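Protein chains get the first letters and strands the later ones, always in sequence-line order, with residue 1 at the start of each. Hydrogens, waters and symmetry mates play no part in the numbers below; they use all other heavy atoms, side chains included. Here the structure is a predicted model, which means the values were calculated and not measured.
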Amino acid sequence: MVKTGIPVATLREMYVTMLRIRRCENTLVELLRINEIRCPTHLYTGQEAIAAGICANLRKDDYVFSTHRSHGHYIAKGGDLKAMMAELYGKRTGCSRGRGGSMHLVDPEVGLMGSAAIVGSTIPLAVGTALASAIQGNNRVAVAFFGDGATDEGVFDESLNFASLRKLPVVFICENNLFSTHLPLYLRQPADNISERAQTHIMPGIKIDGNNVLEVYEASQEAIDNARGGRGPSLIECRTYRWRAHVGWPQDYDVGFRTKEEVKKWEKRCPIKAFEKFLAGQGVLSESEKSQISEQIDREIEEALTFARESPFPDESELLEGVYR
Amino acid sequence: MVKTGIPVATLREMYVTMLRIRRCENTLVELLRINEIRCPTHLYTGQEAIAAGICANLRKDDYVFSTHRSHGHYIAKGGDLKAMMAELYGKRTGCSRGRGGSMHLVDPEVGLMGSAAIVGSTIPLAVGTALASAIQGNNRVAVAFFGDGATDEGVFDESLNFASLRKLPVVFICENNLFSTHLPLYLRQPADNISERAQTHIMPGIKIDGNNVLEVYEASQEAIDNARGGRGPSLIECRTYRWRAHVGWPQDYDVGFRTKEEVKKWEKRCPIKAFEKFLAGQGVLSESEKSQISEQIDREIEEALTFARESPFPDESELLEGVYR
Amino acid sequence: MSRKLTYVQAINEAVTQMMDKDSSVFIMGIGVNSPWYVGQSCAGLYERFGDKRVIDTPVAENGMTGVAVGAAMAGMRPIIVHPRMDFMYYAMDQIINQAANWHYMFGGRVNVPVTIRGIVNRGGEQAAQHSQSLQAMFMHVPGLKVVMPSTPYDAKGLLVASIRDDNPVIYIDDRWLYEQSGEVPEELYEVPIGKGVIRREGKDITVVATSYLVCEANKAAENLEKEGIDTEIVDLRSLKPLDNNLVIESVKKTGRLVIADGGWKTGGAGAEISALVVGSAFKYLKAPIMRVSLPDAPAPASSALEKAYYPTAETIVSAVKKVLEESL
Amino acid sequence: MSRKLTYVQAINEAVTQMMDKDSSVFIMGIGVNSPWYVGQSCAGLYERFGDKRVIDTPVAENGMTGVAVGAAMAGMRPIIVHPRMDFMYYAMDQIINQAANWHYMFGGRVNVPVTIRGIVNRGGEQAAQHSQSLQAMFMHVPGLKVVMPSTPYDAKGLLVASIRDDNPVIYIDDRWLYEQSGEVPEELYEVPIGKGVIRREGKDITVVATSYLVCEANKAAENLEKEGIDTEIVDLRSLKPLDNNLVIESVKKTGRLVIADGGWKTGGAGAEISALVVGSAFKYLKAPIMRVSLPDAPAPASSALEKAYYPTAETIVSAVKKVLEESL
Ligand SMILES: Cc1ncc(C[n+]2csc(CCOP(=O)(O)OP(=O)(O)O)c2C)c(N)n1
Ligand SMILES: Cc1ncc(C[n+]2csc(CCOP(=O)(O)OP(=O)(O)O)c2C)c(N)n1
Ligand SMILES: [Mg+2]
Ligand SMILES: [Mg+2]
């Protein structure tokens, strides 16, 4: 146990998760570049601490809902890497049978209930699973991940209002990366105060450094404990930044509202590097452990890639299957 | 000029407006009871100070948008009484040609742009006219009247956000009568804090006694001045109460969530009686003036009623006219 | 067994019995705990099942529908009530982009057993925003099922089937039917989704009708009989999936078709049924297919106009006669 | 005059010229000031007209559409852009309950000259929530007009007509057409709403097509010609109001009809056109009417499935042959 109060195993687990997400996406960058993966792909790079820090506090049977930018949440909640990679390739063995692509990852067996491409749409769905928990009395917690863009949508307020009214076991995680596609928050909202809006819906609304996994872990631990304990919902606004373009692999320096300096500044605040430094300082991550982890992850990715590449495409005859259950 | 700083003519005008609304609706109660008027009718009785106090600050060419409970706004903005009465009768001479009924009063010539029966729907419309003002540079102000129920809808937040972002000349008037149909506010929202939600959208949000026309007048004067002067939108939450059932003429004591005591308590806080007392105290409304006003209003109503009764129904051949312009 | 219930009692009984029997069933929506808002269709539910399973909601159709959809993903069988179909426009994202798509889009890993009950509440000078019938829109959407019971028996049986169905079902009931009375078994039973029924056999012409217009079609058939015209009436009951065979077989027999549906004409349910028949039973057709529907106009308030707006038995009679006149 | 522009340039030019000419025209929506979000369709607008009249909005489709509708009531002629039709479900209340109804509902006292531009943006493995074509839903709604240009010429002319129209118009453009090039006059001109056009004359069969499928129909006709089949192609251009006469006259001539529209089959635009023809030109029909459309399924991501999902010239060829085989 180091001075944070967070068990060493958890620290390591979060580190592995963050690195797994990063490495996985670095691989995707190459595959997107050569067009081997073709579906619209929104990279999570730069935001890894959020998914990792929050999911480390969740039980396997807790619910998570994600967005178009879903890789991080899927991996952090324990989604199967092979099924994810196959999904991105549009293969039948994909987690969504090749029908969803990157924006629609799912793994209900580990509580990743789904990811949707309509901004804001999964927020009330998460509240719905929390309502189910409350009715069923099984104290499963629901987490809605969404971006700052989703807080432009009225359904955000509708969802918070209802969750608060009924004190449902849900935690709202707003990953404020300051942009909705090309448009910065300051051109969409009169103030940078998402967490305060949660407060007017009578729930804790806090703003934290989303690039600091320790802060994310601790804040969400409290929120999740409160939810599970019947003390109602919370919102955590995690300040962060996406390193790459809104969609696809390139950087988007100087196209529209982002400058290279701004991106570079955030790259210096790399959540993984910072965490590595912390761990090293605490003596809980030796160089040999690091390279062991690194090799292990590379192996996993290689395996997933092979699996995806070797998997068959869905057959045209499947097209109309499963419109209904 | 009395000590309020409000010109006597304005005080008298507001009094006349309030009484006109009340008398008109008292007449409607009788007509609804005997089924001579059949369209769904939502009475404004008890809330008159709000429409009167606000519209006294508006220019004729300022925009007003109303709701299913539209009589007060229509009358206060200067809508034609005959056309209103005819509309309620479903006559061709009605302000909406008999197609709208009580929920859809309109008089664009005096800026009453329309009233809609979908809760929340006119809020963005008012913002849209304010946007038009801003683009056209004509400093017309828009007012959105809506109930507390409308603040349940996400479009309320979407509208406030955009209005504030662009500092549009719009004033949001929330008539908080504590109910949405049968359901009290405390069963729909975790707190009674609508005005605070406006503040998180970075605009003045104040809570006032909606049964006190002087308070309404003064608060809205400031808000409207600010809007017209380019200083952006505001929200005023007017606390009030409707005396009658949600729809139709009866009282709804003890059906569901309202008690007779509660209704009686609010009846004692009659905005008109209070204002009469104030005016009498200020010596600006003698008994003879009062009865003169009263007779004048009765005459107007009588005339409107005769007009409505004698007007023809629309002909079936008109059914398909005007789907398009 | 010949117990009679009204249509609205049948709805109420279906919900009550399903909630009694299956703890995953719950109901939410505007007015579900109101003494008057949704007629008597929810009467007694709150008293019996309490605040946990009878949730009168804020006025936030999109969010609340999403909550129901989410709860369905977590193993519940929610019924979300929209007291007027007109309000459902707010909730289209949750109904279509989410509820309808998730099962397919996730390769069958998630399903959404939600019942979305939309009430047709029109007439009485309620005008354009309080009158609509949106079945055609929902019928267009893959992943949704759409049912429209016309009798108390079906009102109960289709609601039970909707709640038990593992897919999102749009259950549409019409307040003009609420006081109609008919036989309704006391026990739980299902009317299968996707199956229509012949309400009356006839050989001269087929009238395919939905919901309230089935009643008008029945009246029309009686009047037509007096003139020697023998009408077959198909009550669709489900609009999606459609009972293609039932319709096609009937038209093969009669060679003539009138479709009576209470939505707008252009792009309405009648268009689909017409296209279906002309695609699959063209050779048997002896006459043009006519549609009875709303005209292509919003609902007017004035009762003087409402009379002309809503189709009746007479409208159906005229359409039938026109088809017979124009027969080859 | 034979200046050529691409389809997307034609859209851009229509907006630019209308904004130049009429100060009441302005544009708003997600991405209208983005270098990439709506293709090049809004390129240069912000630089030319500034922040007041080019408004890149928050992600709040319902509210923002309402703002456009409100501005239209106050004498403006707004264009509200939805970068994907899929997002429009959020805005259905404003589009249907409000924009479509207000003119009728208020007896003509208010009108709503708004252009609601919905982009069809599909393929490329975008899946179920980023692929939809909603023309059938809007076609159903009285008070709306719906246009779907298939050529650069029409893209400009119909957009000008939509902006000038005093009613709400749903203008639907398809990104699969953006790079098609064609003659586009430099001056402002209108293509009248409600008028289709014969793209190719033929005597054996009529193919009524919309938007992108007009191009596929052209290819199909060329292939069919090689087999001696003479196809007439009607490009509808407007779905509401429909150019009934043009369609009916063509079918009267050829006696056979295939309808190709890129929405889902059930309750799609093809159903209406089929019903229209069978109602008005039944006697002339020599064969069943076939519909080419999407199957009744959400859009899948995998390109392996996309290939089977989207209809092409080949699909049209097969349908035409089937109709010819089944002719009386
Ligand atoms: C309803 C809707 N409107 C618009 C879009 C287009 N869109 C896709 S992603 C996105 C940005 C959302 O921003 P945010 O929620 O902050 O997530 P981020 O991409 O920054 O992770 C937008 C506007 C959409 N997908 N859905
Ligand atoms: C979108 C929508 N949902 C539900 C309704 C049903 N409804 C009619 S009036 C009303 C109450 C609205 O309450 P509030 O806005 O406070 O206005 P009040 O009636 O109190 O004046 C409701 C829910 C509606 N008209 N529109
Ligand atoms: Mg963002
Ligand atoms: Mg209220």
Side-chain angles (χ1 to χ4, degrees), chain B residues 63 65 87 92 94-101 103-109 113-118 120-138 140 142 144 153-163 165-166 168 170 314 318 320-325, chain D residues 23-26 28 49 51-53 55 57-78 80 90-91 93-94 96-114 141-145 165-169 193-194 240-241:
Chain B
Y63 302 107
F65 285 83
E87 187 59 35
R92 183 196 281 153
C95 59
S96 302
R97 216 177 151 181
R99 283 150 178 212
M103 299 195 290
H104 301 298
L105 299 183
V106 72
D107 198 343
E109 272 133 57
M113 300 301 289
S115 320
I118 299 294
S121 65
T122 47
I123 307 177
L125 297 176
V127 176
T129 55
L131 178 65
S133 294
I135 297 175
Q136 294 162 350
N138 62 15
R140 290 159 84 169
E153 295 278 9
V155 73
F156 165 74
D157 291 284
E158 293 179 358
S159 302
L160 265 64
N161 179 62
F162 187 73
L165 178 69
R166 295 187 74 92
L168 297 178
V170 54
E318 294 174 38
L320 301 184
E321 283 174 20
V323 176
Y324 297 93
R325 179 166 173 179
Chain D
S23 64
S24 71
V25 179
F26 73 100
M28 59 187 285
F49 300 105
D51 167 69
K52 250 193 179 162
R53 291 171 70 203
I55 304 173
T57 65
V59 198
E61 286 75 8
N62 192 45
M64 294 305 97
T65 304
V67 166
V69 170
M73 292 171 182
M76 302 299 289
R77 295 193 172 272
I80 165 95
Y90 268 138
D93 177 64
Q94 286 299 327
I96 303 180
N97 274 328
Q98 314 313 328
N101 275 334
W102 277 49
H103 187 257
Y104 184 90
M105 185 168 84
F106 291 116
R109 304 281 301 274
V110 190
N111 74 306
V112 185
V114 68
V141 179
L144 296 180
K145 298 187 177 182
D165 199 282
D166 282 337
N167 302 284
V169 181
I193 297 177
K240 194 179 189 79

Largest heavy-atom contact set with chain D, pairs under 4.5 Å, which of B:Arg97, B:Arg99, B:Glu158: B:Arg99

Any donor-acceptor pair under 3.5 Å from D:Asn111 side chain to D:Asp166 backbone: yes

Whether B:Phe65 and D:Trp102 hold their rings parallel, tilted or perpendicular, with breakpoints at 30° and 60°: tilted

B:Glu87 side chain vs B:Gly100 backbone, donor-acceptor pair below 3.5 Å: yes

Proximal component of D:Asp51, with respect to chain B [non-hydrogen, under 4.5 Å]: both

When B:Ser159, B:Cys95, B:Ala126, B:Ala163 are compared by non-hydrogen pairs under 4.5 Å with chain D, the top option: B:Cys95

Residue, of D:Asn62, D:Val59, D:Thr57, that accumulates the most heavy atom pairs under 4.5 Å with chain B: D:Asn62

Proximal component of B:Phe156, with respect to chain D [non-hydrogen, under 4.5 Å]: neither

Minimum heavy-atom distance D:Gly143-D:Pro168, with the two atoms named: O-CG, 3.5 Å

Structural part of B:Asn161 lying under 4.5 Å from a heavy atom of chain D: side chain

Any donor-acceptor pair under 3.5 Å from B:Gln136 side chain to B:Leu131 backbone: no

Smallest separation among heavy atoms of D:Gly63 and B:Val155, with atom names: CA-CG2, 4.0 Å

Proximal component of B:Arg92, with respect to chain D [non-hydrogen, under 4.5 Å]: neither

Heavy-atom closest contact (D:Gly70 atom, B:Thr129 atom, distance): O-CG2, 3.4 Å

Polar side-chain atom of D:Gln94 near backbone of B:Ser121 as donor-acceptor pair, under 3.5 Å: yes

Largest heavy-atom contact set with chain B, pairs under 4.5 Å, which of D:Val69, D:Ile55, D:Asn101, D:Asp93: D:Ile55

Part of D:Asn97 within contact of chain B (heavy atom distance under 4.5 Å): side chain

Heavy-atom donor-acceptor pair, D:Tyr104 side chain to B:Tyr324 backbone, under 3.5 Å: no

Atom group of B:Leu168 that falls short of 4.5 Å from chain D, counting heavy atoms: neither

Partner chain B: residue of D:Met76, D:Arg109, D:Met73, D:Lys145 with the largest heavy-atom pair count (under 4.5 Å): D:Arg109

Contact origin within B:Ala134 toward chain D - heavy atom pairs under 4.5 Å: backbone

Segment of D:Pro58 engaging chain B (4.5 angstrom heavy-atom cut-off): side chain

Structural part of D:Tyr90 lying under 4.5 Å from a heavy atom of chain B: neither

Winner by heavy-atom pair count (cut-off under 4.5 Å) against chain D, out of B:Asp107, B:Val127, B:Leu165: B:Asp107

Region of B:Glu321 in contact with chain D, defined by heavy-atom distances below 4.5 Å: backbone

Atom group of D:Arg53 that falls short of 4.5 Å from chain B, counting heavy atoms: side chain

Pick from B:Arg166, B:Glu318, B:Glu109 with the largest number of heavy-atom pairs that fall under 4.5 Å of chain D: B:Arg166

Closest non-hydrogen atom pair, D:Pro113 against D:Ala72: CD-O, 3.3 Å

B:His104 side chain vs D:Phe106 backbone, donor-acceptor pair below 3.5 Å: no

For chain D, the option from B:Ser115, B:Pro314, B:Ala116, B:Gly101 that forms the most heavy-atom pairs under 4.5 Å: B:Ser115

Exercise: identify the closest heavy-atom pair between D:Val114 and D:Ala68: CG2-CB, 4.1 Å

